[in-house]
Amino acid sequence: PSAIESALYAWWEERGLFSPEASDRQAGGTPYVIMMPPPNVTAVLHMGHGLNNTVQDVLVRFERMRGRRALWLPGTDHAGIATQNVVERLLAREGLTRFDVGREAFVERVRSHVHETGAVILEQLKAIGSSADWSRTYFTLDDDLSRAVREAFVTLYDEGLVYRGHYIINWCPRCLTALSNEEAEKEETDGKIWHLRYPLADGGGHVVVATTRPETMLGDTAVAVHPDDDRYRHLVGRELRLPVVDRLVPVVADDAVDPAFGTGAVKVTPAHDPADFDIGRRHDLPTIDVMTPEARISLAAPDRFQGLDRFDARARVVAEFAEAGLLERVEPHRHAVGHCYRCGTVIEPRLSDQWFVRMAPLAAPALEKYRDGTLRFLPERRGDDYVQWLEGIRDWCISRQLWWGHRIPVWYCQAEGCARTTVSRTEVDACPACGGAVKQDEDVLDTWFSSWLVPFSSLGWPARTPDLATFYPGHTLVSAPEILFFWVARMIMSGLHFMGDVPYTHIYLHGTVRDTQHRKMSKSLGNGIDPLEVVERYGADALRYSLVSGMSVGTDVILDPGDLEGSFAAGRNFANKLWNAGRFILSNLDGVPRPLAGSPEAVRADEYTLADRWILARCDATVREATEAYERFRLNEAAGVVYRFLWSDLADWYIEQIKPRLFGDLSGGDVARSVALQTFDVALRLLQPVMPFVTEALWRRVPGRPADASISVAEWPRQDARAEDPVALAEFELVQQVVGAIRGIRAEYGVQPGQTVRAFVSRNGHAPSAAFERERGTIVRMARLSEFSLAGSSEPVGAHAVLPDGTAVFVPLGDAIDVGRECGRLGTEADRLGALLIAQEKKLANEQFVARAPADVVAREREKLGAWAEQREVLVRKRDLLGCR
RNA sequence: GGGCGAAUAGCUCAGUUGGUUCAGAGCGCCUGCCUUACACGCAGGAUGUCGGGGGUUCGAAUCCCUCUUCGCCCACCA
């Protein structure tokens, strides 16, 4: 593979085969568009990319051959937090932070880093054969896409759907930025719940509150109870003296409190908990922010706590409660804790000013498009996730306290007394109200705020470009399920809002690549497989085939990092088989073969042997089955269907069948060449989407092919109703069965491969099938016979077999036969059939069955009974002949 | 806590609306073969309570219930 793959890829690119125009054979028919999930600029290819892009490539190559204008649009994502973290780590090696180098210099630094590494992953995608239209590659921070981001932001602002608010958001104390709800990954964690006593200010007892984060009590400004809770009704309105901080806080009554949980009394920390924040607002409570952005204790807390890390502060608060005798008890408590999706740090809910998108109005039409059947999920059950998320959607926090990204297009007037905020598509130099100096918002937008626009921003929006008119909306979105909410669902919302239509109708969510212990492959676990190493060793085709054949719609792909060869043997072996079958057929061609139709010298129907008719019929069935499988996204099935045709039918039987015709003095060699080449050509084309390299290399070697022809844009094989030939299928199957039976006997009795045997077939009351005579040569050759007779035999000593249609097969083995053993073998077989017969008779005697089962099923069952009876009869007679007792 | 999915050969998985000899494929394993396309191959072979239990049906790997185990998504009960 390494000798041909990169050269072929270069040739495809050179020829511009991946542009939609190259495949347009339908003169302006509906284009087929897939948006590639843009990899992060700093990413290097892993198996997840391999799977994702293989699936997309298979689909786009399939549609390309079908003659649709096929566009697979690639790009890269600036990946705000991820990329900034990478460069910050590089700076850290020099002992610097981003604050040391300053915003402008830092952004420049990121930009040049990205410039160096940005294209690496795209080059790697080429190595696995990805046929994206690289001439259209975008980057989310390009000028065009930045314009789209501003357009979207300002439009939503004008519509009242973007607003600035003072709320509790998810804060990552390591990345020092706000995160959206989706970016805070909930993880079940074994923690503790502390029961703390808060004494009443006027003495006379205490209230016990339960908390999982004791350190936040430093910022408590109330204790809340349910208004109907009799245990606490008398305390509402009274004051408690907060231990440790020695502050008076009121007891308030609020419906949000669940009397059944914990003690029924909740400490209220409006600055550090979203629920508490709401309670605080309802009761006009002060907010005391006791933490710095780094999640250390702030100056708002007592001196001895200031500067302590939150978890150290937790221990100290608990210790002080214990010392004062106010720690009632500690219990283990399992609960979900948010973690930063980029660095894994525990999220701290934090009160701050952020920008939000109001999501409910955007979610409604997106839900409608699912309910009315416009959107189709594969697997279907993923639609449930989509609905559940949209129904419970909360506003999207889109501002990030980062430097790498699209700066928020909002300017604040700095002039005394002028509080004007300007939201603008273009740069603002002076306050439009007072002419005073302005300052742009320091924050950047969530990376996903640019990603959710790419189905149209990558095509030129907001400009009305020809590309936008042609390629929006697209058709399929192929994605990992992890980014269903981050990206896929949001694109649907933005598409509906800004373009008035969904960006795609089919959402294919593939599985995850895992190791044999079902752990997700990851760098940190060290259980990854490098796709490029696989390409280098076994070829991109082997990688692709192995991935595709090992998955069905939406299921995970399990690979063994400890057994690279085993994991990819299926693909490697098949690519090799294909190559060798191709070499055989092509090297035996003897010029351009006769056509099968459409010309005076075309092969006539009466020139076909049974085997020819059989392989043509099998080929036709394969076209039908493979096409249907691709259409239904059942890629493993499509690959499997062609695999079996090529290997089991074409290579194992047909190629073996035609050898005498090609080499010997048997006639019909020209027909065999034509049929072999034709069916092989069809198989190559059916396989091109999955194995583009080896199929291209072979296809181009066919004599008479124009020098610039490529299988990538060759016509998809058409099903030909005339090739349907159930008779040939059934008859050749008998040939296969008789060969199989004789081979079985040979193996059973240890007949040496070089030694020929004689074989006789006969049938009770009927003549043996004419197929045996038609393919006599095939049977003689493939079963290695010295004699093949349709007249039966009177010789008693030999091995017997019986075919499903009742044909008896007899192989006299002379002295080699062990009569006792053969009797045993026949007896076992007869007994097996006998048992089947009894069960079958019982079944047919069952009036319920005969009455209720469909007539065709009953008829079929009756036929089976007859066939088995005949088979058994033959065996019993053979036993008699052998003198078995 | 709410929702969803999976369990089939030693491993990874097919089995498409219940009905052909339906219990399968690939890898691995066993036996014999370097048969002039391919040993990454050829021929033959072994291996299963279709997770357990119950039910529906003339008939269940397939539909229903339940249990067990595993996985995924969602969740401001402190």
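Side chains are part of it too, since the values below use all heavy atoms of this structure and drop only hydrogens, waters and symmetry mates. Every value quoted in this text rests on a predicted model; they were computed, and no experiment measured them. The chains referred to below are lettered A, B, ... by the order of the sequence lines, with proteins before strands, and numbering in each begins at 1.
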When rounded to whole Å, the OH to P distance for the pair A/Tyr386 and B/rC72 reads 24 Å
A/Asp563 atom CG is separated from B/rU12 atom P, nearest whole Å, by 12 Å
With the side chain defined as heavy atoms from C-beta on, A/Ile558 is closest, among B/rG19, B/rA37, B/rC13, to B/rC13
Next item on the list: Using only heavy-atom distances, decide whether a donor-acceptor pair under 3.5 angstrom links the side-chain of A/Glu656 to the base of B/rA43.
Entry: no
Separation of B/rC40 atom P from A/Leu543 atom CG, nearest Å, is 21 Å
To the nearest angstrom, the CG-C1' distance between A/Asp385 and B/rA75 comes to 14 Å
Of the candidates B/rG5, B/rA37, B/rA75, the side chain of A/Arg381 sits closest to B/rG5
Report task. Could you give the distance separating B/rG15 and B/rU56 at their C1' atoms, to the nearest angstrom? Result -> 22 Å
Applying the Watson-Crick and G-U criteria (both distances under 3.5 angstrom) with [ ] for crossing and | for other-strand pairs, one obtains for RNA chain B (((((((..((((.....[....)))).(((((.......))))).....(((((..]....))))))))))))....
Taking the P atom of each, how far is B/rC27 from B/rC40, in whole Å? 12 Å
Between A/Gly744 and A/Phe584, the residue closer to the 5' end of RNA chain B by nearest nucleotide is A/Phe584
Checklist entry - Between A/Arg394 and B/rA75, is there a side-chain N or O to OP1/OP2 distance below 4.0 Å? => result yes
Checklist line | Pairwise P distance for B/rU35 and B/rG41, with rounding to whole Å | finding: 16 Å
- request: May I ask you to decide if A/Pro753's main-chain N or O and A/Arg784's side chain share a donor-acceptor pair within less than 3.5 Å?
  value: yes
When rounded to whole Å, the CZ to C1' distance for the pair A/Phe574 and B/rG26 reads 12 Å
The answer to which of A/Glu482 and A/Arg213 contacts RNA chain B further toward the 5' end, by nearest nucleotide, is A/Glu482
Closest of B/rC4, B/rA14, B/rG44 to the A/Thr555 side chain is B/rA14
Between CD of A/Glu185 and P of B/rC72 the distance, given in whole Å, is 12 Å
Would you classify A/Trp579 as touching base, sugar-phosphate or nothing, given that sugar-phosphate means primed atoms plus P, OP1 and OP2, and contacts are heavy atoms under 4.0 Å?
nothing
#### Entry: Within 45° cone and under 6.0 Å: A/Lys577 NZ/CZ vs A/Tyr643 ring
no
Just by modelled atom types, is the A/Glu215 backbone N or O under 3.5 Å from a matching donor or acceptor in the A/Arg310 side chain?
-> no
For a quick test of reading the model: is some side-chain N or O of A/Lys186 closer than 4.0 Å to OP1 or OP2 of B/rC76?
yes
*If we take the C1' atom in both B/rA9 and B/rG5, what is their distance in whole Å?*
24 Å
**OP:** Just call it for A/Tyr538: base, sugar-phosphate, or nothing, with non-hydrogen atoms closer than 4.0 Å on any strand.
**Re:** nothing
- Under 4.0 Å: is that the gap between some side-chain N or O of A/Lys577 and OP1 or OP2 of B/rC42? yes
Ignoring backbone atoms, test whether A/Lys520 places a side-chain nitrogen or oxygen under 4.0 Å from the OP1 or OP2 oxygen of B/rC72. no
A/Asp255 CG to B/rC77 C1', in whole Å, measures 15 Å
dist A/Thr211:OG1 -> A/Ile193:CD1 (nearest 0.5 Å) comes out at 7.0 Å
Q: May I ask you to evaluate whether A/His333 reaches the phosphate of B/rA78, defined as a side-chain N or O under 4.0 Å from OP1 or OP2?
A: yes
Taken to the nearest whole Å, CD/A/Gln388 to P/B/rC4 is 9 Å
Q | Nearest-angstrom distance, P atom, B/rC65 to B/rG3 | A | 14 Å
Give one of base, sugar-phosphate or nothing for A/Ala224, where a contact means two heavy atoms less than 4.0 Å apart.
-> nothing
Against the side chain of A/Thr211, the closest entry in B/rA78, B/rC40, B/rA37 is B/rA78
Taking B/rA75, B/rA14, B/rA78 as options, the one with an atom nearest any side-chain atom of A/Phe261 is B/rA78
*Does the A/Ser2 side chain pair with the main chain of A/Glu536, one donor and one acceptor, at a distance under 3.5 Å?*
no
Practice item. Respond yes when some side-chain nitrogen or oxygen of A/Arg634 is under 4.0 Å from OP1 or OP2 of B/rG15, and no when none is. Key: yes
Problem set entry | A/Asn580 side-chain N/O to A/Asn576 backbone N/O, donor-acceptor pair under 3.5 Å | yes
Which of B/rG19, B/rA43, B/rU16 is nearest the side chain of A/Arg743? It is B/rA43
#### Entry: Side-chain donor-acceptor pair present, A/Tyr167, A/Asp395, cut-off under 3.5 Å
no
| query | Looking across every strand, which nucleic acid part, if any, lies under 4.0 Å from A/Asp652 by heavy atom: base, sugar-phosphate, or nothing? | reply | sugar-phosphate
- Taking atom C1' in both B/rU68 and B/rA23, what distance in whole Å separates the two? 24 Å
Q. Side chains of A/Tyr341 and A/Glu185: do they bring a donor and an acceptor to under 3.5 Å?
A. no
On the nucleotide B/rG41, are OP1 or OP2 found under 4.0 Å from the side-chain N or O atoms that A/Asn573 carries?
yes
Open item on the list: Considering every strand and a 4.0 Å limit on heavy-atom distances, what is the contact class for A/Asp258: base, sugar-phosphate, or nothing?
Closed with: base
Of the listed B/rC72, B/rG2, B/rA75, the closest approach to the A/Ala336 side chain comes from B/rA75
Please classify the nucleic acid contact of A/Ala570 as base, sugar-phosphate, or nothing, using heavy-atom distances under 4.0 Å. sugar-phosphate
**Study point:** Flag, side chain of A/His283 to backbone of A/Ala253, donor-acceptor distance under 3.5 Å
**Key:** yes
message: Can a donor-acceptor pair be found, under 3.5 Å and without considering hydrogens, that links the side chain of A/Ser546 to the backbone of A/Leu543?
response: no
Query raised in the report: Expressed as a whole number of Å, how far does the P atom of B/rC64 sit from that of B/rG48?
Result: 28 Å
Q | Phosphate-side-chain proximity, A/Trp647 and B/rC42, N/O vs OP1/OP2 below 4.0 Å | A | yes
